[in-house]
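All values reported here derive from a predicted model rather than from experimental measurement.
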Amino acid sequence: YNARHDPSEILVKYGWKPTGKNGRGGAYWTRPGKEKGTSASLKDGWLYVFSTSTPLPVGSHNSFSIYAHYEHEGDFNKAAKELSARGYAPSITTENEIAEPCELSIPLWPKLDRKALPGIVGEFIDLATENSEADPAAVLATFLVRFGVEVGDGPHMWIGDTKHWCRIAAVIVGASSKARKGTSGAPIKRLFSNGRQDISTLSHSFAQATPGPFSSGEGIVYLVRNEIEKWDPKSEQSIVVDPGVADKRLFVLDEEFAGVLANTKREGNTLSMIIRCLWDSGDIAPIIKNNRTITTGAHVGWVSHITEGELNLRLDKSGAFNGFANRILWVCANRPKLVPNPPRMNDEALSVIREQIIKTAKDYSVPKEIIKDDEATDAWANHYYRALSVPQPGLIGSVISRAETQTLRLAMIYAILDNSLIIKLKHLESGVAFWDYCQKSAGRIFQGRQADRVAQKILEELKNGV
């Protein structure tokens, strides 16, 4: 099919329009429904899509991939079978080839559903990525984590007898070192800071933010520590030697997840355990005799970056990975387009969004319980919960084992961003949409890996014919 059809003829069929040369021997294309701007670039038989508003996922597509997404909703197997029936099957086969279509085991690049970009969320992501090389999904993940931190531990919901907050963490996994993972954090830093024109936000106290890197669990706890007292034998009473940190909100943007994995391997390092506890309860009270630093009610969210190649390399050396991997949203990221001279986000447009975001964070940073309305409750019980509870094999199953909880935490954040303490169906659908992207990302990242390191080693030896 690729040999007979150039992507350009297929794009025209589906309403795309060429918009000029890109200076690298290729051409820019604009999606249907868009009058100006660029949605994809085409070169050497490959279309690179960077718009999130088409049936084609962000990433690279050849002619067959374009056809499969438009005609079969991305089901490559169905597309291959239909084309085979229409005479596109290979005309010559060898003893090692099979003429019939075969199952494809490599997961497709995930597509970000627009349901994950409702209202002001979509406005900001569109503004941040319009003239940027940042991946919209990576910007969205960073935004949701950062906003969840800004809201604090006031709003919460109960799942059974367990309390949950707007507290999430994400790892952005780039296809390569050129995936522009780090570019996704810059718009968030600028959004959650006092702009020159934003008089209304000058008095706002933003959550503490740090670039990391993660080195030890104790280092994180120190940034959100309680007041520290010591016994004074002279006065025979406890005296305060450290006032601690009053505002327990902390956002960490650590761009080197490889360092996190390396540190969890070090003997005696508590980083893995601390990350788990902070996601679960926010309370850390180590049972040690000296230099005991405690935190209660810490509200920590974090984002880190790594490439697929480096992650696969580090996984073989990190035994503690499974301990906290399911508390992470895994997000595939790639460079959606080339922008040689990216401009800054428009100050006026950003100011309007910032004012709304900060007002919402202030208004809803109260200790209130968030509940689902009847429609959302029904959809959750009869559809989404069952779908999210289906077990998956291998390391993927371990990584996404908290699908239900992650989805509800995301739904809480979306509800608050919509100025609501009630999770409605649309908020649940937004949470499901972004979780779906994260689950498919995990499927692509961890495809074929085993949760148990010994099982993984056996599998690799079998593949090598040992």
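- Distance alone, capped at 3.5 Å, is enough to place a donor-acceptor pair between the Tyr414 side chain and the Ala116 backbone.
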- Message: One pair to check against side chain to side chain contact (heavy atoms under 4.5 Å, CB included): Val331 and Thr142. What are the steps and the verdict?
- Response: CA-CA 10 Å; Val331 181; Thr142 309; over 6 Å; no
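- Residues Trp279 and Arg402 are in side-chain contact: their nearest non-hydrogen atoms beyond the backbone lie under 4.5 Å apart.
- Rounded to the nearest 0.5 Å, atoms OG (Ser351) and CD (Gln356) are 10.0 Å apart.
- Considering Gln406, His156, Arg409 in turn, Arg409 is the only one that fulfils the side chain to side chain donor-acceptor pair (under 3.5 Å) rule with His164.
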Show me the side-chain donor-acceptor pairs of residues 143-151 shorter than 3.5 Å, one per line, residues at least two apart or across chains.
from: Arg146; atom 1: NH1; to: Glu150; atom 2: OE1; distance (Å): 2.6
from: Arg146; atom 1: NH2; to: Glu150; atom 2: OE1; distance (Å): 3.0
from: Glu150; atom 1: OE1; to: Ala207; atom 2: N; distance (Å): 3.3
from: Glu150; atom 1: OE2; to: His204; atom 2: NE2; distance (Å): 2.7
from: Glu150; atom 1: OE2; to: Ala207; atom 2: N; distance (Å): 3.4
from: Glu150; atom 1: OE2; to: Arg249; atom 2: NH1; distance (Å): 3.3

- Is there a side chain to side chain contact (heavy atoms under 4.5 Å, CB included) between His69 and Phe76 once you walk through the steps? CA-CA 8 Å; His69 281 94; Phe76 278 32; 3.8 Å; yes
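- Between Lys426 and Asp418 there is a salt bridge, since a side-chain N of the basic residue sits under 4.0 Å from a carboxylate O of the acidic one.
- The closest side-chain heavy-atom distance from Tyr70 to Ile10 is not below 4.5 Å.
- Contact between Val300 and Arg167 at its shortest, heavy atoms only, is O-CG, 3.3 Å.
- With contacts defined as side-chain heavy-atom distances shorter than 4.5 Å, the pair Ile371/Thr377 does not qualify.
- Within the 3.5 Å criterion, the main-chain N or O of Leu421 finds no donor-acceptor partner in the side chain of Tyr364.
- Across every non-hydrogen atom of Phe446 and Ile396, the tightest pair is O-CG1, 3.7 Å.
- A donor-acceptor distance shorter than 3.5 angstrom exists from the side chain of Ser441 to the backbone of Cys332, with no hydrogens or angles considered.
- Among Val171, Val173, Ile172, the single residue meeting the side chain to side chain contact (heavy atoms under 4.5 Å, CB included) criterion with His305 is Ile172.
- Within the 4.5 Å cutoff, no side-chain heavy atoms of Asp153 are placed close to those of Lys248.
- With sequence neighbours left out, the side-chain hydrogen bond (donor to acceptor under 3.5 Å, both in side chains) criterion links Glu429 to no other residue.
- Met412 places none of its side-chain heavy atoms less than 4.5 Å from the side chain of Pro155.
- The closest donor-acceptor contact from the side chain of Thr38 to the backbone of Ala40 lies at 3.5 Å or more, if one exists at all.
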- Task: Mind running side chain to side chain contact (heavy atoms under 4.5 Å, CB included) on Leu388 and Ile400 for me, showing each step along the way?
- Result: CA-CA 9 Å; Leu388 293 169; Ile400 65 171; over 6 Å; no
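- Residues Ile423 and Ala376 come closest through the heavy atom pair O-CB, 3.4 Å.
- A salt bridge is absent between Lys372 and Asp378: the closest approach of a Lys/Arg side-chain nitrogen to an acidic carboxylate oxygen does not fall below 4.0 angstrom.
- No donor-acceptor pair under 3.5 Å is formed between the side chain of Ser41 and the backbone N or O of Ala27.
- Contacts of Thr54 classified as side-chain contact (heavy atoms from CB on, under 4.5 Å), with partners at least two apart in sequence or in another chain: Trp16, Arg31, Val49, Ser51, Leu56.
- Open room surrounds NZ on Lys368; 12 or fewer heavy atoms of other groups in view lie less than 6.0 Å from it.
- Here the shortest heavy-atom pairing between Val139 and Ile125 reads CG1-CD1, 3.7 Å.
- Annotation for Pro336 and Glu133: closest pair CD-O, 2.9 Å, computed over non-hydrogen atoms.
- In summary, Asp347 and Arg190 engage in a salt bridge, as defined by a charged side-chain N under 4.0 Å from a carboxylate O.
- The two residues Ile188 and Phe124 have their closest heavy-atom pair at CD1-CE2, 3.5 Å.
- Salt bridge Asp363/Lys359: present, at least one basic N to carboxylate O contact under 4.0 Å.
- Judged by distance alone, the side chain of Ser401 and the main-chain N or O of Ser398 form a donor-acceptor pair under 3.5 Å.
- The aromatic ring centres of Tyr67 and His72 sit less than 6.0 Å apart.
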